[in-house]
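To start, the structure under review is shown below, and the notes come after it.
What's counted below: heavy atoms across the whole structure, side chains too, no hydrogens, waters or symmetry copies. First listed ligand is number 1; within each ligand, the first listed atom is number 1.
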Amino acid sequence: MRFASTRGQSDPVGFSEAVAQGLAPDGGLYLPENFPDLGAFIGQWEELAYPELCFEFLRLFATDLEADVLRRAIDHSYSTFSHPQIAPIVELSGNCKVLELFHGPTLAFKDFALQLLGNLYEHQISRTGKNLTILGATSGDTGAAAISGLIGKRGVTVFILYPNGKVSPLQERQMTCTGASNVFPLAIEGTFDDAQSTVKELFSDLPFREQVGLSAVNSINLARILAQSVYYLYAWLRLGRSERECTNFVVPTGNFGNVFAGWLLTKMGITIRGFRVATNQNDVLHRLFHTGEYSLDSVIPSLAPSMDIQVASNFERLLFFIFDGDSGRVREVMNSFREKGRYCFENFVAEGFSSSSATDPEIPEIIRSVNREYGYLVDPHTACGFKDLHPDEKHLVLSTAHPAKFPDVYENAGMEKPTSPILEELLEKPPVKYDSRVAPSAIRAFVENHSSQTSE
Ligand SMILES: *Cc1c(COP(=O)(O)O)cnc(C)c1O
């Protein structure tokens, strides 16, 4: 299977190459050139355990990896999860279920893709002999999950930019208290979007990319999307035949990576009733779905910081489908968006999507009301998913993080602080971080000075 860029100006590449590159050389995002029809496999896949399902699904795409390499990477990745089902479903009521995606080592859903990505990189390095430099921007959880997936991996140096003071103290500790010598957390002055745009700019510097073997762990990486499609499929299979096709997946959304991963299954013969894009007060996507206007605002820090995003990078992937694969039109929108910070679609239709937005004052209210009604504690990101759900419709809300990652939210709401032994351990370790300007030149110099560029 080959993967083509949304912008249509780079050559299609195989799975390993798309994963190693992250962003395509023309600045676009990789998508599969064609899609398998999963309908034929559903009967055989219903009973599979998570790692088996993951293997069966990914091998349809990762056709350039030997089966045993893929199998080992998957088994190794999900052995770090603390729940035997990996992604258990909890039933809150007849119409409302939660898919818990926080049983990985950093207690957020990003572990699903980043544990795997770490193991795929390791294989790629041993195969090619070329070291990799991982550069990413994080609003909190990606950094922690990427670092956890890449700690101590030989030949990999990791640079993670995050907005100083704008990630939760525990998220910061998850990135900075690792003791790993191949990890450099960079606290930048600015917002997540500033960090992300610097990362994008450095990726478009082709000689630099080549020189340090740059790869991306942001959700622009194809492997992240495909690894995340797996838990949608796993949940869908577990819903049972009568519920599958009438259940809406509710997805707390920032960069549009998670929800896009689920939507991709609808291209593979899987019927899903709908996807609800649940944003926090940074509601660029909610406005887009309601008005057809995609326009930047400034980021307002919120109680759900991993969704404090205005530029939803993965939206470009959906656009490619909305435009029927016309990459010229994708380029036109992305260029106009980059120059003017806005784009107005005529007759914007994104079939199968609905959206909501929860403000900061609403988040603790929702947490309390879900707890009162179901005796279940949601984290502030997951809480956004419970905004305005129709009581007569069936919903599966994706729970993207463990509440213990955000203790202050509960304390300020007069609730008991949730805890997790994994996080308690972090409090004992000394943090190591590097302060930096967000200017691409500053980051570039830092990376050049600290990455291991020599291939052994
Ligand atoms: C990253 C993250 C999100 C947003 O996911 P996207 O793929 O960026 O849409 C939501 N919740 C949590 C806890 C996250 O870490």
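Side-chain atoms of T253 come within 3.5 Å of backbone atoms of V251 as a donor-acceptor pair (strictly under, hydrogens ignored).
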Distance-only donor-acceptor pairs under 3.5 Å for side chains of residues 365-374, two or more places apart:
from	atom 1	to	atom 2	distance (Å)
R368	NH1	A413	O	2.8
S369	OG	I366	O	3.4

Between side-chain atoms of residues 275-284 and protein atoms elsewhere (two or more places apart, or another chain), which donor-acceptor pairs fall under 3.5 Å?
from	atom 1	to	atom 2	distance (Å)
R276	NH1	S354	OG	3.3
R276	NH2	D388	O	3.4
T279	OG1	S356	O	3.1
N280	OD1	N282	N	2.8
N280	OD1	N282	ND2	3.4
N280	ND2	S302	OG	2.9
N280	ND2	A304	O	3.0
N280	ND2	D308	OD1	2.9
Q281	OE1	D360	N	3.0
Q281	NE2	P301	O	3.2
N282	OD1	I300	N	2.8
N282	OD1	Q310	NE2	3.4
N282	ND2	I300	O	2.8
N282	ND2	D308	OD1	3.0
D283	OD1	R287	NE	3.0

Show me the donor-acceptor pairs, under 3.5 Å and distance only, between side chains in residues 262-272 and residues at least two apart or in other chains.
from	atom 1	to	atom 2	distance (Å)
T266	OG1	W263	O	2.6

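The aromatic rings of F315 and F348 lie tilted to each other, with the angle between the two planes from 30° to 60°.
Ligand 1 lies under 4.0 Å from heavy atoms of F109, K110, D141, P252, T253, G254, N255, F256, G257, N258, S306, M307, H381, T400, A401.
Taking the centre of each ring, F102 and F109 stay at or above the 6.0 Å mark.
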